[in-house]
Every structure is written in structure tokens, then in C-alpha cells.
Novice: 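Please read through the structure below; I'll follow up with questions.
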Amino acid sequence: MKDFNQFNQLKNVEQKIFELKKIIEKWNQDYYQNNNPSVDDYFYDQKLKELIELEEKYPQFKTDDSPTQNVGGEASKGFKKVKHNIRSMFSLKNAFNQGDLIHFDEQIKKILNLDTYTYVIEPKIDGLSISLNYRNGKLFQAITRGDGKIGEDVTKNCYLFENLPTTIKIKEEIDLRGEVYISIDQFDLLNQKRMLENEKLIQEKKKILPLFANPRNLASGTLRHLDSDIVKGRKLNLFIFQALSAAKKSDYWDSQIETLNELQKLNFPINENNIHLNNINEVISKIDDISKIREKLNYEIDGIVIKVNEYKYHKLIGYTSKFPKWAIAYKFPTEIKKTKLLNIFPTVGRTGKITYNAKLERVNILGTNVERATLHNADYIKSLDIRIGSYVYVKKAGEIIPKVISIFSLQDNEKNNRWAESTNCPSCNSKLIRFEGEVDQYCLNTNCIGRIIESLNHFVSKKGMDIEGLSKRQIETLYNKKLIINIFDIYNLKNKREELLNLERYQEKSVNNILNSIEKSKKNNLNQLIFALGIRNIGEKAALDLARKYQSIFKIKELNLEELNDFNDFGEVRAKSITEWFKNPLNLKLINDLDNLGVNLKYIGETIDKSNRLYNHNILVTGTIEDANRENIKNYLKDLGANYKSAPTKNLDYLFVGENFSQAKVNKIKEISNAKIIYVSKLSEIK
Ligand SMILES: NC(=O)c1ccc[n+]([C@@H]2O[C@H](COP(=O)([O-])OP(=O)(O)OC[C@H]3O[C@@H](n4cnc5c(N)ncnc54)[C@H](O)[C@@H]3O)[C@@H](O)[C@H]2O)c1
Ligand SMILES: [Zn+2]
């Protein structure tokens, strides 16, 4: 009987392992091949962990083809398949907590039997890996990871990277490896463009294009796109973190930190947050710091990679079939909990966009009590069939606001009524509008109190005019008392001193503080003001670019759509937002009023962005540029603080090659200089 039970139990384990493998393989297919994940990474990681644990406990059921033993992904049709000759490309083992990191360190100490090794930590970029083969100092081939042994030849698309030098001083054959990504700004911009295209498609009664789901899948779909024109418009970036020598069949340099430093000197894009540390304790304490800057980065990271710095130890520590044992990926904590959804309520933002929020039965996620989570928009709620009273999964990842990611069970859900979207603004009750093809609903009433309060709050916010002492609550009070109903009133508040002092809880001192910080904000720089005005699609960076280039708000006011469109990287969407904002007479009046009140409307300080990579570098442009003549190019480079060269020189830093170029000339420049060569067609691509 005992034997029989044991037999049955083993049969069940085998069946469970079989099922886990099957579902993970399906998810791999959706994620790697179709760039369209069907589950959240959290569930994927959990199922994989379950499989790893079962295989460890019952090694008799572990097979070589298990997803725990293989790098996910497979070279797809449409691309030439190429073998990774120097070394296979690996995945990384995951660490989910401090304990996992300490265990990782202990294992290494045990294998090496010494503790003279150090670590390098690097942000784990959420993109896809690439291997770049250089021969005779030139980019020869670019290959995706594929299954780790054989990848797809995407060389053609790699010439279109924003920041990849296609030549290198090293003449021997090497592989550089790194992660390809699309910046968050670029991702947002591409989705805004899609929405505009969709508006046209709707008019033409054609099928609309779905929005891109996240930067990682967009980067993967773009790098592996067959149409280079599309790839070019999408703007891929990358970070490099490894260099392998073909002759040595191993790393080119001797340590990770040396590799990163040397590659940086060679002008390759190296992440700015890599750090060399002495031991695992230092690693653990630094992880917190990196988690904190996560939200400020213009690219997504999903963890931190920890690598033993000294390559001489890598050989001793070794590899499994799937990952190196000298590195580990610490994944930022994510937690998903089940709780009851008590209510769904909309809020209106300053642009009029409606966001739906969930009121939840209190639940503790990652150590904080959560009672509210975002539900984004009505489409999101409907597509998941979320209903009031149902149980839902709520996810919290780091500092990010929690969100409802799915319902718990269909049966439980059906007990509750289907949810219907709001038809009227929660603040002003005016009818909500939903442009066809757009997911969001809008309140278009410019006098909507909810919107006004949000815009005033944006105006005084830290990144805006930074007026301390005016909280959202105070703005609400002052609005209700009719002391502030628009931006002008903020600066006029000093004439209402008595009224302020008559308000409950407003004493001499706090009133002085408010009035002083309002006065102080008049001297703010132009970029702060532009951002604070809350013009659609104009974020901090765009505001700064505009202010630097045009110096005064009155100059910006005069710009037409073409001029704005041509300006740097601005793009149609932002250009339209600016011209539309200045078309509104109320906005023009506001600018004049602010001027009369003594608010600074000029840009103060450096006119050149010294962090632009062409700054102070020698540049030659050859071939024709579609939208510029020599004079335009000269002026454009002058604005960037770059040195325009009219003939090849030895110390040339960048060569931009336009259409109809002379190959002989390019070859000559390659011979005499180490200039980075970049192919472009438009002026704005010179950067
Ligand atoms: N949601 C899904 O359906 C689904 C399916 C498959 C995979 N996934 C996700 O992908 C993960 C597994 O994917 P994986 O095997 O590609 O591994 P991974 O993405 O977890 O880690 C390995 C990769 O990290 C990248 N990387 C980024 N920055 C790096 C750095 N500084 N140094 C070294 N490498 C760096 C490299 O490209 C490397 O290949 C899972 O944990 C899961 O989160 C999700
Ligand atoms: Zn409203």
C-alpha cells in the first residue's frame, strides 16, 4: 500500500512538472517570438521557480529540454540564423531577496576558497540582448540572443542605432554584448504618434493600430523588424557591458570594471549607474540607492545585475547550461495580493483625462497598507471584466502606485454586476468625450473645477514653478474662497493679504511664507515656466530644449508648425501642442499678464546643452542631407557647440554620412581617423 501511494505521488509530480513545462514554453513563445506576453512577469517567475524547486527535489524528472535548463527564445524565420561563435549567450539566475544574494556570495566563496574577489553592479536594463561582432575595426554582424547558441542576423538594423559606434580602434575580432532598449520618452512619443495616425484611419474607416504595450516588447519587435525604415523611425538605443576576444575565446580585458571603463573611452554607450564594490554587504546596501533612482531613468530597469569583477575567477566559478554562476540578477521586489474591490471611482486630471481608481479592502503589499489602486481607463476595466465586489489581484512594484492586474476567478466575478463607465465628469458633471480610437475619456470643459485645481497644482509643483507652501489642499481652499481661480491670481495674491489673514488657520507667518515663495518664483528660469504651464505633451526635457534654443517665450509664441517640427527631435505631436496652446487668446493674455507682473519669461544661463555628445567635437558631414544645405548644417552644429569641419582631418570625431555619398571619401576618413560613422538622412538625425 505504501509503495502504491508513493508511486501515485510520484506520478502526480511528474504530471505537474509536465504541465509546468508546457505552460512556461507557451509563455516563452508569446514573450520571445511574438513580443506579446500573455501573463505578468511575476506569475511567470513564480511558475518557473516552482518548476526549479520540483526538479531539484525530484531530479529523476529533470530533462535537458526543460525551460529551467535553456535560454528562452528561438531564432525566427525571416532572418539569417547565425551561431554565436566566441561564446554562447546566457540568461541570468534570479535573486528575489537579500538571502538569495548572501547565498550566491557564499557559493562563490566556497568554490574559490578565498575572498579577494570584488563585485560590479549594473542596472538590469529591460530590453533584449544583442551580440555585435567587430572585425578589422568595423561592425561586421549583429546577432540576437535567440536560444543562446544561434541567433538572428539583425546587422542591417544595427546601423540605425542612435548611439552605437560602427567602428572601433581594436582591429582583432571581438564580440561586444549589451542590451537594446527604447527610451521611455520615445515609447510615449511613438504611442502618441499612433493615436494621431489612428485618428486619420478612423476618418478613412480603416482598422486602427493597437498601441505599443511596453518599451521592452517594442524594442524586441523593432530590432527584429524586417523593414529598416520603420526601425529607423523608432530609435533604438543600447548599453554595452561585455567584450569577448575571438582569438582568446574569452573576455578581451581582465575585469568587468576595466571592460566598462575601456569601452567608455572608445565611445561606446555604457550605463552611468554601474558601480564597483568590495563585497556583498556593499552590494546589498547600494541596491537600495539604485531602486530609488529607478523612476528618474529614461529607460526601464527590472533589477540589478551583480557580477564578480575579476574574470580570472569566472573560469573557476563556471556556468550551468542556462546561466553563468559568477553573476545573478536581483529582481526588484514585486508583490501581488488578492483583495476585494469595494468601489470604482473616476478622477479628472489637468488635461481633462479621466483615470479610474479602485477602492480596495485594505491589504498589505510589500510592507505598506494599500487601499487604493489604479485601474487606468474604462477599456482596461472592461477588458479584464473587473466588477465591484469581486476579488482582484493587486500588484505593487517598488515605488510605483499599485495597480489592479486581473480578477481572481471568473465564477466569483459573475456574482456581481458588470461595471459601466461613467458618462459624466466626476468634478463638473459635464458629458465625457471619448475620441474614437482613443482609450481615454476626457472632460473638455476648460472651466471644470477638478481640472483647474489640478492645473494650478501642477503650476506650483516642485518641477514646475516650485512654489512651496501652496499644497493642493490650500489651492482648493483658496479656489473655493475665490482668491485663486487662475494662474494670474497666484501672482496677484499679494494684494489680497487681508483676505488671506481672515481665513482659518492662516497666520501672519504662513501667509508671509506663501507670498515670499510666490515672489521668489518670479525669477525662475523659462524652462520651469513652460513646464508649469502644462502644455500637452511638453515635459521637462522638451521645455528645457525649447527654452535653451529660443530664449524667450515671445519667440516661441511666433514659431510656426514647420519650424517647431524641424527643431531637433521635437516631432509633430509636440509641435502641434505648442502652436495650439499659443492660438488660445486666454493663454496669450496670460503671458502678457505674467510679463506685466514681472515674471521672468527669458532663459537664463547656458544656451548650449553641454551634455550633448557632439559638444566640442570635430564633425564632418558628407553626402546630401534631405532638408538642409551646407549653411544650415553649419549653423545647426554651431548651436550645438560642435566644430564644423569642411575637410577630413586626423582628429575628426564624428562623420555623418548623408545620401549619395562618395564611398572613397568615407574610406579615406576611416583610414586617417577614428571618427564614429553615422548614416543619416535628415538634419535632426545629426546628434
Ligand atoms: N511574462 C512572460 O510571459 C515572460 C515570458 C518569458 C520571460 N519573461 C521574463 O523574462 C525573464 C527571463 O528572461 P531571460 O531569460 O531573457 O533573462 P533575464 O531577462 O531575466 O536576464 C538575462 C538578460 O538580462 C539582460 N541584461 C540586462 N542588463 C544586463 C546587464 N547589465 N548585464 C548583463 N545582462 C543584462 C541580458 O540581456 C540577459 O540576457 C523572466 O524572469 C521574466 O521576467 C516573461
Ligand atoms: Zn470636468
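Whatever order the structure lists ligands and atoms in, that order sets their numbers, starting from 1.
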Novice: What does the angle at the Zn ion (ligand 2) come to, between atom SG of Cys443 and atom SG of Cys425, rounded to 10°?
Specialist: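 About 120°, to the nearest ten degrees.
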Novice: Going by distance only, is there an N or O of Lys322 that falls short of 3.5 Å from an N or O of ligand 1?
Specialist: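 So ligand 1 has no N or O lying under 3.5 Å from an N or O of Lys322.
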Novice: Looking only at protein heavy atoms, identify the closest one to atom 23 (C) of ligand 1 and say how far it is in Å.
Specialist: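 Minimum-distance protein heavy atom for atom 23 (C) of ligand 1 reads Arg145 NH1, 4.1 Å.
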Novice: Under 4.0 Å from a heavy atom of Asn94: which atoms of ligand 1 are those, numbered in the order shown and with their elements?
Specialist: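 Contacts of ligand 1 toward Asn94, numbered from 1: 41 (O).
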Novice: Would you check whether Phe241 has a nitrogen or oxygen atom less than 3.5 angstrom from a nitrogen or oxygen atom of ligand 1?
Specialist: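 Checking ligand 1 against Phe241, no N or O pair falls under 3.5 Å apart.
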Novice: Tell me yes or no: between the side chains of Asp105 and Tyr119, is some donor less than 3.5 Å from an acceptor?
Specialist: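 Distance-only check passes for Asp105 and Tyr119.
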Novice: To 10 degrees, how wide is the angle SG (Cys448) to the Zn ion (ligand 2) to SG (Cys428)?
Specialist: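 Cys448 SG and Cys428 SG form an angle of 110° at the Zn ion (ligand 2).
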Novice: At less than 4.0 angstrom from any non-hydrogen atom of Phe90, what atoms of ligand 1 do you find?
Specialist: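 Ligand 1 atoms under the 4.0 Å threshold to Phe90: 39 (O).
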Novice: I want to know whether Tyr330 and Phe104 have ring centres closer than 6.0 Å.
Specialist: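 When the ring centroids of Tyr330 and Phe104 are compared, they turn out to be at least 6.0 Å apart.
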Novice: Centroid separation under 6.0 Å, is that true for the rings of Tyr380 and Tyr356?
Specialist: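 No, too far apart.
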Novice: Counting non-hydrogen protein atoms only, what is the nearest one to atom 4 (C) of ligand 1? Give residue, atom name and distance.
Specialist: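 Here the nearest protein heavy atom works out to Tyr31 CD1, 3.2 Å.
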Novice: Which of the numbered atoms in ligand 1 are under 4.0 angstrom from any heavy atom belonging to Asp45?
Specialist: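 Near Asp45, the atoms of ligand 1 are 40 (C), 41 (O), 42 (C), 43 (O).
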Novice: Counting from 1, what ligand 1 atoms have a heavy atom of Lys307 closer than 4.0 Å?
Specialist: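 Listed by number with element: 30 (C), 32 (N), 33 (C).
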Novice: Report the part of Lys124 (side chain from C-beta onward, or backbone N, CA, C, O) that has a heavy atom under 4.0 Å from ligand 1; answer both or neither where that applies.
Specialist: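 Both of them.
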Novice: Which residue and atom name correspond to the protein heavy atom nearest atom 44 (C) of ligand 1, and how close is it?
Specialist: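 Result for atom 44 (C) of ligand 1: Asp41 OD1, 3.1 Å.
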Novice: If you measure every N/O of Tyr32 against every N/O of ligand 1, is any gap under 3.5 Å?
Specialist: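 Yes.
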Novice: Under a 4.0 Å N-O cut-off, is there an ion pair linking Arg216 with Asp41?
Specialist: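 Looking at Asp41 together with Arg216, the answer is no, because their closest N to O distance does not fall below 4.0 Å.
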Novice: Classify the ring geometry between Tyr181 and Phe239 as parallel (under 30°), tilted (30 to 60°) or perpendicular (over 60°).
Specialist: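 Judged by the thresholds at 30° and 60°, the geometry between Tyr181 and Phe239 is parallel.
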Novice: Provide the number and element of each atom of ligand 1 under 4.0 Å from a heavy atom of Asn28.
Specialist: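 Selected atoms, number and element: 6 (C).
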Novice: Check each atom of ligand 1 against the heavy atoms of Pro123 and keep those under 4.0 Å away; list them by number with element.
Specialist: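 Counting atoms of ligand 1 from 1, those under 4.0 Å from Pro123 are 28 (N), 31 (N).
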Novice: Identify whether the distance between the nearest side-chain nitrogen and carboxylate oxygen of Lys315 and Asp251 falls below 4.0 Å.
Specialist: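 No salt bridge links Lys315 with Asp251.
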Novice: Got an N/O contact under 3.5 Å between Lys331 and ligand 1?
Specialist: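 Yes; at least one N/O pair falls below 3.5 Å.
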Novice: For atom 22 (C) of ligand 1, what is the closest protein heavy atom, and at what distance to 0.1 Å?
Specialist: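 Checked against all protein heavy atoms, atom 22 (C) of ligand 1 sits closest to Leu92 N, 3.6 Å.
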Novice: Return yes if some donor-acceptor pair links the side-chain N/O of Asn36 with the main-chain N/O of Asp30 below 3.5 Å, else return no.
Specialist: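 No, the answer is negative, given that no donor and acceptor are paired below the 3.5 Å cut-off.
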Novice: Can any side-chain N or O of Asn157 pair as donor or acceptor with the backbone N or O of Leu223 at less than 3.5 Å?
Specialist: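 Yes; at least one donor-acceptor contact below 3.5 Å.
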Novice: Who's the nearest protein heavy-atom neighbour of atom 25 (C) of ligand 1, and how far?
Specialist: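 Here the closest protein heavy atom is Glu179 OE1, 3.2 Å.
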Novice: Of all the atoms in ligand 1, which lie at a distance below 4.0 Å from a heavy atom belonging to Glu122?
Specialist: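 Listed by number with element, the hits are 30 (C), 31 (N), 32 (N).
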Novice: Can you see whether Lys93 engages Thr320 through a side-chain donor-acceptor pair at a distance of less than 3.5 angstrom?
Specialist: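 On atom types as modelled, these side chains do not qualify, holding no pair under 3.5 Å.
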Novice: Quick check: does Ser91 get an N/O under 3.5 Å from an N/O on ligand 1?
Specialist: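 Between Ser91 and ligand 1 (N or O atoms, distance only) the closest approach is under 3.5 Å.
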Novice: Look only at the side chain of Asp489 and the backbone of Ile484, and say whether a donor-acceptor pair between them is shorter than 3.5 Å.
Specialist: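 Not confirmed, Asp489 side chain does not pair with Ile484 backbone.
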Novice: Please check this pair: side chain of Gln29 against backbone of Asn34, looking for a donor-acceptor N/O pair closer than 3.5 Å.
Specialist: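 Answer holds: no.
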Novice: Hey, what's the ring geometry for Tyr313 with Tyr117, parallel, tilted or perpendicular (30° and 60° as the breaks)?
Specialist: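 Perpendicular.
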Novice: Please report whether ligand 1 has a polar contact with Ile125, defined as an N or O pair separated by less than 3.5 Å (distance criterion only).
Specialist: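 So ligand 1 has an N or O lying under 3.5 Å from an N or O of Ile125.
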Novice: Would you tell me whether Ser183 and Asp185 have side-chain atoms, one donor and one acceptor, within less than 3.5 Å of each other?
Specialist: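 Distance-only check fails for Ser183 and Asp185.
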Novice: At less than 4.0 angstrom from any non-hydrogen atom of Val39, what atoms of ligand 1 do you find?
Specialist: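 So the atoms of ligand 1 that pass are 1 (N), 2 (C), 3 (O).
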